[in-house]
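Right, one structure below, let's go through it.
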Amino acid sequence: MEEDQELERKISGLKTSMAEGERKTALEMVQAAGTDRHCVTFVLHEEDHTLGNSLRYMIMKNPEVEFCGYTTTHPSENKINLRIQTRGALPAVEPFQRGLNELMNVCQHVLDKFEASIKEYKDQKACRNESTL
C-alpha cells in the first residue's frame with residue numbers, strides 16, 4: 001500500500017497541465033485489477049505518434065524494461081496508451097520518468113546544436129558581407 005502511494009507521489013508532478021485557466025489531466029496511470037506495479041499503462045492526453053514513438057524508443061533502451069509499446073486509440077482522438085512492463089523490482093513509473101528526462105535532454109541537445117549552427121551561419125554571412133564592401 002505504501003509503495004502505491006509512493007508511485008502516485010512520484011508522478012503527481014507529471015499529472016496535470018493548465019489549459020485556459022482550467023485544470024486538465026494530461027497523464028493517467030492505469031493498472032488492471034490484480035496486477036502489480038511492474039506492468040502499467042500510461043494514458044497521455046493531447047499526444048500522438050511524435051511523442052509515442054520517440055518515448056517508446058528511449059524507454060526500451062533501459063535493460064530493465066521487458067516491454068514498451070504504444071497505441072493511439074483512434075485517429076480522431078489525441079491520446080496515446082503507453083504500456084510498460086519491467087523485469088525484477090523496478091516499478092514501471094521509473095523507466096517512464098527516466099525516458100521522459102532522457103528525451104528532453106536529447107531535444108535540448110538538438111536545439112542547442114541547431115541554434116549554434118544558425119549563429120555560425122549568420123556570423124559567416126556577416127563576415128562575407130564585410131569583406132565584399
Side-chain angles (χ1 to χ4, degrees):
M1 185 67 176
E2 288 179 24
E3 290 176 345
D4 292 337
Q5 291 173 344
E6 178 68 17
L7 290 176
E8 278 297 317
R9 187 188 62 74
K10 281 185 177 182
I11 65 167
S12 65
L14 302 170
K15 261 192 159 175
T16 57
S17 67
M18 300 302 282
E20 299 173 11
E22 295 180 5
R23 191 169 174 96
K24 183 178 179 183
T25 302
L27 172 69
E28 294 176 54
M29 191 169 97
V30 181
Q31 281 182 282
T35 61
D36 59 7
R37 58 197 178 106
H38 307 292
C39 189
V40 177
T41 299
F42 298 94
V43 181
L44 291 96
H45 297 274
E46 302 303 320
E47 297 297 343
D48 58 14
H49 292 287
T50 305
L51 180 66
N53 196 37
S54 53
L55 185 56
R56 181 202 58 80
Y57 173 77
M58 297 305 278
I59 292 170
M60 281 303 296
K61 288 172 45 175
N62 186 337
E64 289 296 312
V65 174
E66 187 173 5
F67 173 81
C68 182
Y70 78 96
T71 60
T72 56
T73 54
H74 189 271
S76 67
E77 291 181 316
N78 262 354
K79 70 177 183 179
I80 59 172
N81 296 326
L82 182 79
R83 181 92 167 157
I84 301 174
Q85 184 174 339
T86 60
R87 299 180 175 97
L90 186 68
V93 72
E94 288 183 25
F96 179 69
Q97 287 178 323
R98 183 177 173 187
L100 286 171
N101 288 331
E102 289 175 359
L103 187 57
M104 285 191 306
N105 291 339
V106 167
C107 290
Q108 187 61 52
H109 177 76
V110 169
L111 181 62
D112 292 344
K113 290 290 187 180
F114 179 72
E115 289 173 344
S117 294
I118 288 174
K119 183 182 181 318
E120 181 182 336
Y121 172 77
K122 287 180 178 179
D123 291 346
Q124 287 176 356
K125 189 175 178 181
C127 285
R128 276 189 251 136
N129 288 342
E130 287 176 7
S131 66
T132 59
L133 294 176

Quiz item: Closest heavy-atom contact between M60 and V65?
Solution: SD-CG1, 3.9 Å

Quiz item: Do Y57 and F67 share a hydrophobic cluster, counting only Ile, Leu, Val, Met, Phe, Trp and Tyr and linking them when any side-chain heavy atoms are less than 4.5 Å apart?
Solution: no

Quiz item: If you look only at pairs with a residue in residues 112-121, which of them pass as a salt bridge (charged side-chain N to carboxylate O under 4.0 Å, His left out), with sequence neighbours excluded?
Solution: K119-D123

Practice problem: State yes or no: do L51 and V40 share one hydrophobic cluster built from I, L, V, M, F, W and Y residues joined by side-chain heavy-atom distances below 4.5 Å, directly or via other members? | Solution: yes

Practice problem: State, yes or no, whether a side-chain contact exists between N62 and L90 at a heavy-atom distance under 4.5 Å. | Solution: yes

Exercise. Would you give the length of the straight line joining atom CG of N53 to atom CE of M58, rounded to the nearest 0.5 angstrom?
Key: 12.0 Å

Quiz item: Are E94 and R98 ion-paired here, with the side-chain N under 4.0 Å from a carboxylate O?
Solution: no

Quiz item: Could you give the distance from CG (L55) to CG (L100), rounded to the nearest 0.5 Å?
Solution: 5.0 Å

Quiz item: Roughly how far, to the nearest 0.5 Å, is the OG1 atom of T72 from the CG atom of D48?
Solution: 9.0 Å

Exercise. Could you tell me how the ring of F96 sits relative to the ring of F42: parallel (under 30°), tilted (30 to 60°) or perpendicular (over 60°)?
Key: parallel

Quiz item: Is the closest side-chain heavy-atom distance between R37 and V93 below 4.5 Å?
Solution: no

Quiz item: Which pair of heavy atoms, one from I80 and one from E47, lies closest together, and at what distance?
Solution: CG2-O, 3.9 Å

